[in-house]
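Below is one structure, written out as structure tokens; comments come after it.
The model shown is predicted, which means the values in this text are computed figures rather than measured ones. Each ligand, and each atom within it, is numbered from 1 in the order the structure gives. Just the heavy atoms: all of them, side chains too, but no hydrogens, waters or symmetry mates, feed the values below.
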Amino acid sequence: MAIISIIGHKGGVGKTTLSINIAAALTQALNQKQSNNQVCLFDLDLRLPTITGILNSHPKKTFFDLFETLANQTYQIDLLQTLYSILIRFKRHVNGDTTFDDRPQLQKSIAVYKNMNIELFNFSQYEFGNQLHELFLNRGVIHRPSDIKKKAFNDLLNRIDIDRVKKVMRDNEENARPEINEYISYIEEYGFSILGGEVPILGKKSHRNRINEPEFLALFLEFIHGVCEKFDHVVLDTPAGGVNHVSSLMNTIDQVLFVFDISNNIAVKGSIDALHTFIDYYEDFYKNYTQGLLTGLDKSYVDKLITERGEKAVTQALANKKMSIIFNRCKKTKEISPCLDQLREYLETLDQYEEYKDRIRLVGLMPDHKIINITNNRGTVFYGKDKTLSNRINTIARSILNEDVVYPTLAYSNSEIQTYLEKQSHMGFSNTLNRIASGLS
Ligand SMILES: Nc1ncnc2c1ncn2[C@@H]1O[C@H](COP(=O)(O)OP(=O)(O)O)[C@@H](O)[C@H]1O
Ligand SMILES: [Mg+2]
């Protein structure tokens with residue numbers, strides 16, 4: 001499985017356009033239109049999802065449904081489950097049927113109870129909601145096991161119908177997790193699957209608040225992770241500026257492709273800044289990982305990856321994360337030269353050039369092209385229709401599929417980089433990619 005993220009510093013730089021065409025190129029290269037589990041294109045733009053509209057393919061459920069389900073079912077039921085196990089321990093303690101060995105567990109339950117984040121919990125949704133609410137209002141008076149036995153708290157515990165809690169929990173358990181397949185739409189014509197949004201999820205205030213809650217974010221990540229597991233290649237169209245929400249994912253994925261909009265100088269500066277910011281986050285994350293200092297969501301996410309793939313694989317993936325640049329909206333090839341100089345200079349100033357000069361690869365050069373500039377219709381999907389543009393996308397796809405192809409890095413000279421990227425568009429529109437993908441080349 002490879003997860004590739006297409007990142008840009010703001011809207012309109014070409015992330016979505018490139019994501020769609022890269023997904024198409026990967027699909028063709030893998031030559032497996034029969035199987036539905038090869039390539040999935042993910043619209044992670046929670047503000048302005050566009051892919052389902054552009055490709056006119058609509059999954060049964062969108063990210064909006066996902067957020068509703070996670071918020072109103074998954075999150076609520078998970079919380080009830082945690083709460084239920086705490087209540088059981090408290091009750092046992094009050095009734096005196098605990099042994100000395102149970103003590104650490106009881107202490108742990110008290111700690112969980114005191115620290116549970118209940119901000120997103122819908123107390124009013126449940127008949128026992130008021131009592132539960134009261135339970136949490138009492139957190140300040142419970143410090144040690146003996147406090148649980150105090151009369152007022154004991155009375156409150158007795159008023160909570162724990163069997164009801166259990167029943168509601170059990171009754172809702174089954175539908176609490178989103179059914180992944182309902183969110184994926186396989187597009188026959190293109191041979192890849194998509195998932196994502198239709199309406200801006202972050203347009204809804206409660207969802208805007210939720211996305212910043214670690215507990216909620218963890219559920220969102222769990223879902224994304226589940227989808228990724230189903231496919232060989234996942235292309236993420238990553239929201240501008242919204243990367244923070246999925247930073248654990250971004251830091252652990254295989255490859256990041258930065259879209260450099262070089263149509264104007266402000267865009268260039270923004271692109272460089274986005275790359276540098278990403279590197280900073282990644283370095284922090286990696287350092288914390290190697291020193292065992294990851295916390296919270298980052299830690300739980302990485303722990304999960306380690307359980308699944310083994311520590312060695314995770315460490316390797318983190319250490320070797322590939323970072324690549326695609327220049328977009330290029331009018332003349334030589335325009336990339338000042339952009340490269342600016343990037344090197346910027347990294348140099350931050351003492352990051354030496355570390356990254358061989359690591360940042362230049363994998364694509366997309367022209368500013370009138371075909372691409374046909375907005376909001378299927379002109380966006382030019383792959384397979386325009387030979388030159390397709391070849392350029394193939395070059396990018398090859399950087400994802402084939403470990404062995406050598407790409408210029410920042411350490412190369414500008415003219416070497418230009419020559420390389422320019423040459424690619426003239427390469428035959430043949431089956432080179434297919435051969436590469438199937439290991440014949
Ligand atoms: N190389 C290009 N040449 C011409 N137009 C482009 C190019 N890349 C993107 N566009 C156009 O710019 C607009 C924004 O592109 P889009 O892929 O939606 O950006 P983003 O996803 O980063 O917001 C679209 O109308 C698209 O057709
Ligand atoms: Mg977009």
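Close contacts of ligand 1 with Asn328, meaning ligand atoms under 4.0 Å from a residue heavy atom, involve 1 (N), 2 (C), 7 (C), 8 (N), 9 (C). Ligand-side atoms of ligand 1 in range of Thr17: 9 (C), 15 (O), 16 (P), 17 (O), 26 (C), range being under 4.0 angstrom from any heavy atom. Each of the following atoms of ligand 1 lies closer than 4.0 Å to a heavy atom of Gly11: 23 (O). The Gly14 neighbourhood of ligand 1 comprises atoms 9 (C), 15 (O), 16 (P), 17 (O), 19 (O), 20 (P), 22 (O), with distances under 4.0 Å to a heavy atom of that residue. Which parts of ligand 1 touch Val13 is read off a 4.0 Å heavy-atom cut-off, strictly below it: atoms 19 (O), 20 (P), 22 (O). Against a heavy-atom cut-off of under 4.0 Å, His369 is close to the following atoms of ligand 1: 3 (N), 4 (C). Of all atoms in ligand 1, listed by their number and element, those nearer than 4.0 Å to a heavy atom of Arg329 are 1 (N), 2 (C), 5 (N), 6 (C), 7 (C), 10 (N), 11 (C), 12 (O). The ligand atoms of ligand 1 that sit less than 4.0 angstrom from a heavy atom of Lys15 are 17 (O), 19 (O), 20 (P), 21 (O), 22 (O), 23 (O).
Here Tyr412 and Tyr420 keep their ring centres 6.0 angstrom or further from each other. The distance between the ring centers of Phe123 and Phe121 falls below 6.0 angstrom. Between His233 and Phe192, a ring centre-to-centre spacing not shorter than 6.0 Å is recorded.
Counting non-hydrogen atoms of other residues, nucleotides and ligands closer than 6.0 Å to CD of Gln291 gives a total above 12. Dense packing is recorded around CG of Leu137, with more than 12 heavy atoms of other residues, nucleotides or ligands lying under 6.0 Å away. By the 6.0 Å contact criterion, NZ on Lys304 is enclosed, its count of non-hydrogen atoms from other residues, nucleotides or ligands being greater than 12.
The residue from Gly12, Ser263, Cys330, Pro367 that puts a heavy atom closest to atom 23 (O) of ligand 1 is Gly12.
Note that the CD1 atom of Ile396 and the CD1 atom of Ile22 stand 4.5 Å from one another [nearest 0.5 Å].
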Would you sort out whether Glu229 and Arg309 count as a salt bridge (Lys or Arg N to Asp or Glu O under 4.0 Å), showing the intermediate values? CA-CA 11 Å; Glu229 289 289 299; Arg309 299 178 201 160; 3.8 Å; yes
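Residue Leu18 places no N or O, backbone or side chain, under 3.5 Å from any N or O of ligand 1. Here's the thing with Thr16: one of its N/O atoms is less than 3.5 angstrom from an N/O atom of ligand 1.
Taking Thr74 as the reference, nothing meets the side chain to side chain donor-acceptor pair (under 3.5 Å) condition, with sequence neighbours excluded. Scored by the side chain to side chain donor-acceptor pair (under 3.5 Å) test, Ser399 finds no partners at all (sequence neighbours excluded).
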Run the side-chain donor-acceptor check on residues 212-221: report pairs under 3.5 Å with partners two or more places apart or on a different chain.
unit_1, atom_1, unit_2, atom_2, d
Asn212, ND2, Arg208, O, 3.4
Glu213, OE1, Asn117, ND2, 2.7
Glu215, OE1, Asn117, ND2, 3.3

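Residue-and-atom listing of protein N/O/S atoms under 2.8 Å from the Mg ion (ligand 2), sorted by chain and number: Thr16 OG1.
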